[in-house]
Number of protein chains: 2
Amino acid sequence: MIQKMETADLSIGEVARRTGLSVHTLRLYEREGLLAGEVRRDEKGRRLYSEWDVEWLANCVKFRSSGMPLATISRLARLVREGTGNEAERLELLCEHQHRIADQLAQLHACLDLINNKVAAYQRHLAIGASGDPW
Amino acid sequence: MIQKMETADLSIGEVARRTGLSVHTLRLYEREGLLAGEVRRDEKGRRLYSEWDVEWLANCVKFRSSGMPLATISRLARLVREGTGNEAERLELLCEHQHRIADQLAQLHACLDLINNKVAAYQRHLAIGASGDPW
DNA sequence: CTAGGTGCTAGACCGAGGTCTAGGTCAACG
DNA sequence: CGTTGACCTAGACCTCGGTCTAGCACCTAG
């Protein structure tokens, strides 16, 4: 009984505040098919979002911040929208992104190594006035 | 005596192959001031790169892959080009990027958590046919 | 009544980072 | 000799992901 009751509808402005996305971006995301639930409208044509949409959008934000292109999120959303039966495809898509994240982590660590070394070198340099590195 | 001798000049095509950047991109980077060494030219106006330039460009590639904007690399390159005396500024710039990398790592890990959970859920689902998740 | 606030659509615009084209010079090959 | 290939410049073009504008509808408060 704590399931889905009293899920008051949310306006686009509400959702913008909760997700940190602009209303423009929310409309863009909808056009691009990123939403996994159909967006309902009130009598006057205004969008009505559910709490679940907000959760989904929060995931979208995470996906975006890890570099997943809108097109990919859109594909995932379509699979979810289509309902049960395509879990294998969703899994594949997620695993691909897992790997891209792993790649990014590796690259970030590589760059971080480089920077850490340089930072240490410059700190030494500024403290002692030594070294004479390439840069 | 193992310092800088026999540093044969490299053509832009050479450098492209070694750095993985296109010749177009190399020219772009030069226009944008990303190079820390002045690019020499031969009699006929063709660019001459040194091994050192290639190393610097390799660093640029790392910076880029960690999301450093061209403008920032350009600032760093300018500092390096200007020579000794501005190490504090270089350090500051590098430390800022250190923090941005830390942020990115956090975001990537957050997304990875989400995806790992979903992947595990779907694998369970496909193996047993269970669950009934939100998605 | 009117001013503000929120919403709608369609479509223009923007910055970042490349990528590609046109039109030209040069050297080497067959 | 003509062709091929590497290089040059200036500048057009492209994708991505937003962001913003115009012009309109509606509701509420003063």
Side-chain angles (χ1 to χ4, degrees), chain A residues 8-35 38-50 53-54 56-77 97 100 104 107 111, chain B residues 8-35 38-50 53-54 57-77 96-97 100 104 107 111:
Chain A
D9 290 321
L10 303 166
S11 71
I12 196 170
E14 264 306 296
V15 175
R17 264 182 290 108
R18 299 207 192 182
T19 59
L21 298 166
S22 72
V23 297
H24 302 290
T25 301
L26 284 171
R27 293 195 275 244
L28 170 69
Y29 281 10
E30 183 180 332
R31 273 203 304 284
E32 299 295 317
L34 268 70
L35 271 62
E38 294 303 335
V39 242
R40 285 156 302 116
R41 302 295 184 112
D42 69 8
E43 337 71 55
K44 196 40 216 162
R46 283 166 301 185
R47 291 168 177 80
L48 296 176
Y49 296 84
S50 66
D53 290 325
V54 173
W56 173 261
L57 281 165
N59 290 335
C60 290
V61 168
K62 283 192 190 176
F63 291 148
R64 285 294 303 125
S65 78
S66 68
M68 189 184 285
L70 296 190
T72 304
I73 305 181
S74 180
R75 283 200 287 138
L76 179 59
H97 194 59
R100 277 190 294 271
Q104 289 184 69
Q107 291 180 327
C111 184
Chain B
D9 290 320
L10 304 165
S11 71
I12 195 171
E14 264 307 295
V15 175
R17 265 182 290 107
R18 299 205 192 181
T19 59
L21 298 167
S22 73
V23 297
H24 301 291
T25 300
L26 284 171
R27 293 195 274 244
L28 170 68
Y29 281 9
E30 182 180 334
R31 272 203 304 284
E32 298 296 316
L34 267 69
L35 271 63
E38 295 302 336
V39 243
R40 287 156 300 117
R41 303 293 185 113
D42 68 7
E43 338 71 56
K44 195 40 216 162
R46 283 167 300 183
R47 290 168 178 82
L48 296 177
Y49 296 82
S50 66
D53 290 325
V54 173
L57 281 165
N59 290 335
C60 290
V61 167
K62 282 191 190 176
F63 291 148
R64 286 291 305 125
S65 78
S66 68
M68 189 185 283
L70 297 190
T72 304
I73 304 181
S74 179
R75 283 199 286 137
L76 179 59
E96 273 172 33
H97 194 59
R100 277 190 295 271
Q104 289 184 70
Q107 292 180 328
C111 185

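In what follows, every heavy atom counts, from backbone to side chain, and hydrogens, waters and symmetry copies are set aside. Lettering follows sequence order; numbering is per chain, from 1.
In this structure, A:Leu48 places its CG atom 13 Å from C1' of C:dC8, rounding to the nearest Å. Here C:dT19 presents its C1' atom at 14 Å from CD1 of B:Ile12, a figure rounded to the nearest Å. Atom CZ of B:Arg47 is separated from atom P of C:dT25 by 18 Å (rounded to the nearest Å).
For the pair B:Ala71 and B:Arg46, both in contact range of DNA chain C, the more 5′-proximal nearest nucleotide belongs to B:Ala71.
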Exercise for review: Under the side-chain hydrogen bond (donor to acceptor under 3.5 Å, both in side chains) rule, what do B:His97 and B:Thr72 come out as? Steps first, then yes or no, please.
Suggested key: CA-CA 9 Å; B:His97 194 59; B:Thr72 304; over 6 Å; no
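Between B:Leu26 and B:Arg47, every side-chain heavy-atom pair lies at or beyond the 4.5 Å cut-off. Side chains of A:Val15 and A:Leu57 form a contact here, defined as non-hydrogen atoms less than 4.5 Å apart. Within the 4.5 Å cutoff, the side chain of B:Tyr49 has heavy atoms near those of the B:Leu35 side chain.
For the atom pair B:Arg27 CZ and B:Leu21 CG, the distance stands at 12.5 Å (nearest 0.5 Å). Put simply, CG on A:Asp9 and CG on A:Asp53 are 9.0 Å apart, with the number rounded to the nearest 0.5 Å.
Evaluated for a side chain to side chain donor-acceptor pair (under 3.5 Å) with A:Asp42, the options A:Arg40, A:Arg46, A:Lys44 yield exactly one hit, A:Arg46.
Of the residues in residues 16-35 of chain B, B:Arg27 come within less than 4.0 Å of DNA chain D through at least one heavy atom, sorted by number.
A sub-4.0 Å separation between OP1 or OP2 of C:dT25 and a side-chain N or O of B:Lys44 is absent. Checking the phosphate oxygens (OP1, OP2) of C:dG17, a side-chain nitrogen or oxygen of B:Arg64 falls inside 4.0 Å.
When DNA chain D is scanned 5' to 3' for any atom under 4.0 Å from a heavy atom of chain A, the first and last hits are D:dG17 to D:dC26.
With salt bridges taken as basic N to acidic carboxylate O contacts below 4.0 Å, none links B:Glu32 and B:Arg64.
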